[in-house]
Undergrad: 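One structure, pasted below without further comment.
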Amino acid sequence: SEQRLLEIRLMAYGNRQLLLVARDITRIRLLEGMRREFVANVSHELKTPLTVLQGYLEMMQETIPENDMNQQALKLMNQQSKRMKSMVEQLLALSRIEDAADVDLQNTVDMSHMMSMLEEEANALAQGQYQFEFSCEAGINPHGNETQLFSACINLVSNAIRYSDPDSKIQVRWALVSSGAEFSVTDNGLGIATQHIVRLTERFYRVDDARSRKTGGSGLGLAIVKHALSHHHSELSITSEVGKGSRFSFIIPMHLIELPASQHKV
Ligand code: ADP
């Protein structure tokens, strides 16, 4: 017979009453799966035409003389098609990451290597601006999926770049803490008002739509981070103050951390 999926909740009322609620979520899960597949297919199909458009736009920009009045229009079209392509890529990345099936927690991720890749990419994004401070405690490596952890980390770093001034400081750390190992990004940027913080990981949620549009955000970055972290038994913490800056961090729990031989788990 057909398998059903039930969600079971046990709720306590006062000291004496317990309520057991079972809900059949078979259909909801089925629809979620269909939605994911649809989004993945659409994003995939959109990538090719966008690449072709972008190629021709770039070619036209190069062949039309600098002072031609069409140059400005071409520049805008090029910018917008790049933006659309990066949104499509983020959508694809999100639908891949939402699918828990390909997360293997047996693999060990080399964190020193990952931090140096992050630093390289951060420098490329920053184009010589910003003062980065990268630090990585050696030999502390999480179990998990390298691609997903990298995309969580780079999304946090690129947000710090996007939402702070070009001459400000951005600190990126990987360090042992009591319950596991912590990755954190601290910026002295715009900061976020408390009422927005709880909603930041929702798809397409943005504090300031106009600013995000200008800075090229898709509104999907933190949703990607959230899903990637949930596969690693972790979640995003955000502390922030408007006008002062923000700290985005997550802790990979100790049971997924490999320590150097000199340190023992307690
Ligand atoms: P986006 O692509 O718009 O950056 P995200 O999902 O990555 O989308 O982030 C959602 C929103 O959270 C952003 O639009 C921005 O308003 C806010 N945000 C994210 N990171 C920071 C940060 N380091 N400082 C201030 N605001 C931030």
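Order of appearance sets the numbers: ligands from 1, and atoms from 1 within every ligand.
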Undergrad: Around atom CD of Q79, are there more than 12 heavy atoms of other residues, nucleotides or ligands at under 6.0 Å?
TA: yes

Undergrad: Kindly compute the distance separating CG (L118) from SG (C136), expressed to the nearest 0.5 Å.
TA: 9.5 Å

Undergrad: For E202, does the CD atom have more than 12 heavy-atom neighbours from other residues, nucleotides or ligands under 6.0 Å away?
TA: yes

Undergrad: Check whether any N or O atom of G219, backbone or side chain, sits under 3.5 Å from an N or O atom of ligand 1, and answer yes or no.
TA: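 Yes, since at least one N or O of G219 sits under 3.5 Å from an N or O of ligand 1.
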
Undergrad: With nothing but distance in play, are any N or O atoms of Y205 less than 3.5 Å from an N or O of ligand 1?
TA: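 Between Y205 and ligand 1 (N or O atoms, distance only) the closest approach is not under 3.5 Å.
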
Undergrad: Just to be sure I read this right, does ligand 1 sit under 4.0 Å from the backbone of Q90, its side chain, both, or neither, counting only heavy atoms?
TA: neither

Undergrad: Check whether more than 12 heavy atoms from other residues, nucleotides or ligands sit under 6.0 Å from atom CD of E120, and answer yes or no.
TA: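 It does not: E120 CD has 12 such atoms or fewer within range.
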
Undergrad: Rounded to the nearest 0.5 Å, how far apart are CD of Q131 and CG of D167?
TA: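 Between atom CD of Q131 and atom CG of D167 there are 7.0 Å.
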
Undergrad: Report the member of L200, V185, N155 with the shortest heavy-atom distance to atom 17 (C) of ligand 1.
TA: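 Nearest heavy atom to atom 17 (C) of ligand 1 lies in L200.
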
Undergrad: Does ligand 1 have an atom that lies less than 4.0 angstrom from a heavy atom of D187?
TA: yes

Undergrad: Judged by non-hydrogen atoms, does I192 sit under 4.0 Å from ligand 1?
TA: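 Right, I192 reaches ligand 1.
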
Undergrad: Run the ring pair (Phe, Tyr, Trp, His ring centres under 6.0 Å) test against F248 and tell me which residues pass, sequence neighbours left out.
TA: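 Result, ring pair (Phe, Tyr, Trp, His ring centres under 6.0 Å) vs F248: none returned.
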
Undergrad: Taking a cutoff of less than 4.0 Å between a non-hydrogen atom of the residue and any ligand atom, is S246 in contact with ligand 1?
TA: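 A heavy atom of S246 does come that close to ligand 1.
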
Undergrad: Show the atoms of ligand 1 that are less than 4.0 angstrom away from any heavy atom in G221.
TA: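 Here the atoms of ligand 1 in question are 5 (P), 6 (O), 7 (O).
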
Undergrad: Tell me whether L222 has any N or O atom under 3.5 angstrom from an N or O of ligand 1.
TA: yes

Undergrad: How long is the span from the OG atom in S164 to the CD1 atom in I170, to the nearest 0.5 Å?
TA: 4.0 Å

Undergrad: With respect to V207, determine whether any N or O atom, backbone or side chain, lies less than 3.5 Å from an N or O atom of ligand 1.
TA: yes

